J.: 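Here it is, the structure in full.
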Amino acid sequence: QVQLVESGGGLVQPGGSLRLSCTASGFTFTGYVMSWYRQNPGKERMLVAAIAPAGGNTNYADSVKGRFTISRNNAKNTVDLQMNSLKPEDTAVYYCKATPLSTRFSDYWGQGTQVTVSA
């Protein structure tokens, strides 16, 4: 059974920090690019950050570059998103995504975790 379970969301004040975690199971974790997306009501889901299977390459949305850091631990099948200097505009549901390197496999999505940045 494939699972991607996000945790770590919550309410934080502007300028604060939060660390999201995604725990994967049921598939070969090292064969997938891992990424974080976020979505607000009425808007399209957008890529926040992505990391290569071995963790050697990362990329970020311009809006979070320098503030967010994505990392993965292949021994634990986890991917994290460290979010610093949070802004109200970062408020969204954050989703963990697994994208296979091979077309013989499927994409997987987590259920999402709410992040609210507000005073």
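These figures come from a predicted structure and were not determined experimentally.
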J.: Go through the structure and list residues passing ring pair (Phe, Tyr, Trp, His ring centres under 6.0 Å) with F27, not counting sequence neighbours.
T.: Y32, Y108
J.: Compare every heavy atom of V33 with every heavy atom of A50, then report the nearest pair and how far apart it is.
T.: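 That would be CB-CG1, 4.4 Å.
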J.: Donor-acceptor check, side chain of T91 to backbone of V117, threshold 3.5 angstrom: yes or no?
T.: yes
J.: Do N59 and L47 touch side chain to side chain, with heavy atoms closer than 4.5 Å?
T.: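 When only atoms from C-beta onward are counted, L47 and N59 do touch, with a gap below 4.5 Å.
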J.: Roughly how far, to the nearest 0.5 Å, is OG1 of T99 from CZ of F105?
T.: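 Between F105 CZ and T99 OG1, I get 13.5 Å after rounding to 0.5 Å.
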J.: At what distance, to the nearest 0.5 angstrom, does OG1 of T113 lie from OH of Y95?
T.: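 Those atoms lie 10.0 Å apart.
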J.: Would a single hydrophobic cluster contain both Y37 and I51, if residues Ile, Leu, Val, Met, Phe, Trp and Tyr are joined by side-chain heavy-atom contacts under 4.5 Å?
T.: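 Result: no, two separate clusters.
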J.: Tell me, please, which residues at least two apart from D107 pass salt bridge (charged side-chain N to carboxylate O under 4.0 Å, His left out).
T.: none
J.: Given K87 and D90, is the salt bridge (charged side-chain N to carboxylate O under 4.0 Å, His left out) satisfied, shown in steps?
T.: CA-CA 5 Å; K87 305 174 180 179; D90 297 318; over 6 Å; no
J.: Quick check on the hydrophobic clustering: are L20 and F29 connected, directly or via other members, by side-chain heavy-atom contacts under 4.5 Å?
T.: yes
J.: Determine, using the 4.5 Å side-chain heavy-atom cutoff (strictly less than), whether M83 and Y60 are members of one ILVMFWY cluster.
T.: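 Yes, because M83 and Y60 connect within a single hydrophobic cluster, where side-chain heavy atoms sit under 4.5 Å apart.
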J.: Checking Q82 against N84: is there a side-chain donor and acceptor pair closer than 3.5 Å?
T.: yes
J.: Does the side chain to side chain contact (heavy atoms under 4.5 Å, CB included) test come out yes or no for R38 and M46, once each step is laid out?
T.: CA-CA 6 Å; R38 69 187 186 191; M46 62 165 284; 4.0 Å; yes
J.: Report the distance from atom OG1 of T78 to atom CG of N73, rounding to the nearest 0.5 Å.
T.: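 Output value for this atom pair is 4.5 Å.
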J.: Got a donor-acceptor contact below 3.5 angstrom from the E6 side chain to the Q111 backbone?
T.: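 Confirmed, E6 side chain pairs with Q111 backbone.
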J.: Return the minimal non-hydrogen interatomic distance between S118 and P14, and the atom names on each side.
T.: C-CD, 3.6 Å
J.: Are L101 and L4 joined in one hydrophobic group, where the rule is that I, L, V, M, F, W and Y side chains link up if heavy atoms are under 4.5 Å apart?
T.: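 Result: no, two separate clusters.
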J.: Once you round to the nearest 0.5 Å, how far does CZ of F68 lie from CG of D80?
T.: 13.5 Å
J.: Apply the test side chain to side chain contact (heavy atoms under 4.5 Å, CB included) to residues W109 and R45: give CA-CA distance (whole Å), side-chain angles for both, the deciding distance (0.1 Å), then the verdict.
T.: CA-CA 12 Å; W109 290 88; R45 192 171 297 184; 3.3 Å; yes
J.: Would you compute the distance between atom OG1 of T69 and atom CG of L81 and round it to the nearest 0.5 angstrom?
T.: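 If we round to the nearest 0.5 Å, T69:OG1 and L81:CG are 8.0 Å apart.
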J.: Between Q114 and V93, which heavy-atom pair has the shortest distance, and what is it?
T.: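 Taking Q114 first and V93 second, the nearest heavy atoms are OE1-CG2, 3.3 Å.
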J.: Is it true that N74 and R72 share a donor-acceptor pair across their side chains at a distance under 3.5 Å?
T.: yes
J.: V79 pairs by side chain to side chain contact (heavy atoms under 4.5 Å, CB included) with which of S21, C22, S71?
T.: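 Single side chain to side chain contact (heavy atoms under 4.5 Å, CB included) partner of V79 among S21, C22, S71: C22.
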J.: Run the side chain to side chain contact (heavy atoms under 4.5 Å, CB included) check on N77 and T23 step by step: do they pass?
T.: CA-CA 6 Å; N77 284 8; T23 300; 5.6 Å; no
